[in-house]
Amino acid sequence: MTSSIVTGPGVVAAGVDLRLVPAALTAWAATATGILWHVAAAAAVVVIATTAAASASIRLRDSADERARPWWPAVAAVGVIGAAFACSVALRVDDVEHHPIADRIGDTVSVTAVPVETPRVVAGSRLMFRAVLRAVDGHAQAGRVLVFASVVGYGDVTAGRPADFRARVGKPARRDLTVAVLSATGEAHLGEAGAVHRIAAAVRRDFAETARAVLPPEQAAMLPALALGDTSAVAQTTVADFRTAGLAHLTAVSGANVTIVCGTVLLSAMVVGPRIAVALASIALVAFVVVVQPTASVLRAAIMGAVTLLAVVSHRRRQAIPALAATILVVLIGWPEMAVDVGFALSVSATAALVLVAPAWSAALVARRWPKPLADAVCVAVAAQLITAPLVAGISGAFSIVAVFANLAVTVVIAPITVLGTAAAAICSAWPDAAGLLIRFTGPQLWWLLRVAERAASVPGAALPVPSGLAGVVFVAATVVASIVLWRWRWGRVILLWCAVGATAWAAAGDVGRA
């Protein structure tokens with residue numbers, strides 16, 4: 001099923017391939033509702049989605065371009081895929097609810113667990129990391145756990161390195177297929193990580209040390225965050241500035257990083273040919289994911305990148321929406337907990353905005369004689385901000401009014417930082433002097449990025465307070481939709497302008513009052 005999508009005032013994107021989208025959305029919704037509200041909710045979602053797909057297919061069948069196509073295969077695909085994911089998540093939820101550790105809530109037990117991510121400092125001297133269980137009190141067990149521990153005795157914990165420790169078992173605060181929350185006590189006795197994890201940890205460590213040797217402290221802390229997603233050394237004031245300025249997404253490795261890295265490697269096709277270039281890009285993609293660690297956005301971007309590279313090799317038609325829908329299905333098969341992960345939702349929604357909304361809006365501006373590079377930059381920033389704003393508001397309880405301007409101001413420096421930083425990380429262990437030289441060239445760009453974040457965050461009323469949680473998501477989503485609708489008319493734009501001025505003045509007055 002191909003379709004035309006209205007993506008802006010008077011702008012229509014035609015020929016978008018949507019055949020996989022209903023199945024992907026149904027799988028996502030069924031998995032999420034199954035995790036949050038059990039199998040009955042997942043089954044209800046499948047029934048509703050199948051009914052909606054049947055209704056839409058019958059309507060499309062009556063149109064001229066769809067008359068010859070049978071409608072039932074698309075509906076059957078939605079129903080079968082939805083039912084399969086609903087059954088799968090029901091089994092996984094049942095495993096979590098009947099996990100042996102659920103009977104040990106409140107007890108202190110001996111645990112063997114393998115971290116799946118680098119620990120993050122959450123408050124003062126406390127660390128937090130996700131891990132996979134290997135044993136409890138000497139009995140083999142599996143399952144995802146969330147671990148809180150002191151920096152003292154756990155500072156050497158790294159991804160992939162088994163840790164033996166005692167911990168008090170707590171009930172998970174969120175329904176995300178986590179079987180328990182562990183509050184570690186005493187010191188951890190660490191084993192040896194696998195070769196791949198040891199190499200990845202060494203790259204991250206050597207890269208951070210090389211950056212500290214050649215850059216000022218503030219820039220040296222920021223470069224690993226931008227290139228590898230390592231925010232362990234970034235000051236809390238800088239984190240707050242980036243969040244207020246709407247630049248926090250830059251410190252979470254995402255699709256942009258994967259695109260830049262793979263795109264740079266693919267340029268070698270001019271020398272070695274397309275097939276070898278794709279092979280090199282695939283190797284770079286796997287190595288990049290291992291080093292930066294497979295977070296939600298990295299998984300989404302990596303699998304979508306792999307789908308695209310496969311399309312290049314097979315000479316198939318490449319479209320972002322089918323690739324994104326296929327990525328959602330693959331991720332949910334391997335990692336169903338991503339269905340309720342906000343980072344994954346942000347990554348997917350931002351990608352959809354850049355694919356569907358930004359090009360159409362850019363074309364409209366170009367038709368009004370805007371320079372294309374400027375139109376593309378503005379529309380990418382605005383589309384990403386508007387589409388992800390509801391989720392960001394639900395998480396942070398704030399809406400950044402300077403995010404678009406801040407993102408536009410730093411657009412030109414992100415690609416050089418990513419390319420130079422990733423190249424330096426690749427050679428820092430074997431050739432630190434050359435890596436240091438590459439890192440030096442990122443200094444001016446890092447300075448500019450930090451200054452933009454600082455100045456944007458210092459603007460009075462830079463972030464408007466909004467409700468957090470579901471109320472914030474609904475409020476901001478309704479506001480965004482209303483703004484897009486009103487923007488179609490001149491009087492609507494006047495109303496929006498005055499509302500923006502009033503909201504900014506109110507937020508600025510609140511900042512002054514708190515100061």
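Note that the coordinates shown come from a computational prediction; the quantities given were computed from them, not determined experimentally.
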Ignoring hydrogens and angles, tell me if any N or O in the side chain of [X] forms a donor-acceptor pair with the backbone of [Y] under 3.5 Å.
{"X": "Ser282", "Y": "Val278", "answer": "yes"}
{"X": "Ser88", "Y": "Ala84", "answer": "no"}
{"X": "Ser55", "Y": "Thr51", "answer": "no"}
{"X": "Asp137", "Y": "Ser110", "answer": "yes"}

Donor on one side chain, acceptor on other, Thr108 and Arg166, under 3.5 Å |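 Their side chains do not contain a donor-acceptor pair, so the 3.5 Å distance test is not met.
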
Shortest non-hydrogen contact between [X] and [Y], atoms and distance:
{"X": "Leu356", "Y": "Ala360", "value": "O-CB, 4.1 Å"}
{"X": "Ser150", "Y": "Tyr154", "value": "O-CB, 3.2 Å"}
{"X": "Pro224", "Y": "Phe207", "value": "CA-CE2, 3.7 Å"}
{"X": "Val145", "Y": "Val179", "value": "CG1-CG2, 3.7 Å"}

Could you go step by step and tell me if Val157 and Leu127 meet the side-chain contact (heavy atoms from CB on, under 4.5 Å) rule?
-> CA-CA 10 Å; Val157 172; Leu127 295 175; 5.9 Å; no

Donor-acceptor pairs under 3.5 angstrom involving side-chain atoms of residues 420-427: please list them, not counting sequence neighbours.
| unit_1 | atom_1 | unit_2 | atom_2 | d |
| --- | --- | --- | --- | --- |
| Thr422 | OG1 | Thr418 | O | 2.6 |

Would you list the pairs meeting side chain to side chain donor-acceptor pair (under 3.5 Å) in which at least one residue belongs to residues 326-341, sequence neighbours left out?
->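 Sorted result for residues 326-341: empty, none.
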
Could you pull out all residues at least two apart from His98 that satisfy side chain to side chain donor-acceptor pair (under 3.5 Å)?
->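 So His98 forms a side chain to side chain donor-acceptor pair (under 3.5 Å) with Asp94.
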
Residues that Ser362 engages under side chain to side chain donor-acceptor pair (under 3.5 Å), provided they are two or more places apart =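 With sequence neighbours excluded, Ser362 shows a side chain to side chain donor-acceptor pair (under 3.5 Å) to Asp376, given in chain and number order.
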
Looking at Asp176 and Arg130, does any basic side-chain N land under 4.0 Å from a carboxylate oxygen?
->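 A salt bridge links Asp176 with Arg130.
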
Would Arg92 and Glu97 pass as an ion pair if we require N to O under 4.0 Å?
->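 No salt bridge links Arg92 with Glu97.
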
Just jot down the side-chain contact (heavy atoms from CB on, under 4.5 Å) partners of Ile276, sequence neighbours excluded, or say none.
->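 Val272, Leu280.
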
Begin with the C-alpha distance, continue with both residues' side-chain angles, and end with the deciding distance and a verdict on side-chain contact (heavy atoms from CB on, under 4.5 Å) for Gln385 and Phe399.
-> CA-CA 10 Å; Gln385 169 72 359; Phe399 175 78; 3.6 Å; yes

Quick one: do Val355 and Leu324 satisfy side-chain contact (heavy atoms from CB on, under 4.5 Å)? Show the steps, please.
-> CA-CA 10 Å; Val355 171; Leu324 181 59; over 6 Å; no

Applying salt bridge (Lys or Arg N to Asp or Glu O under 4.0 Å), name anything that partners Asp107, two or more places apart in sequence or on another chain.
->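 With sequence neighbours excluded, Asp107 shows a salt bridge (Lys or Arg N to Asp or Glu O under 4.0 Å) to Arg104, given in chain and number order.
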
Within-4.5 Å side-chain heavy-atom neighbours: Val348 and Trp28 =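 Sidechains of Trp28 and Val348: in contact.
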
Step by step, would you call Arg198 with Arg161 a side-chain contact (heavy atoms from CB on, under 4.5 Å)?
-> CA-CA 8 Å; Arg198 290 201 305 272; Arg161 190 176 186 184; over 6 Å; no

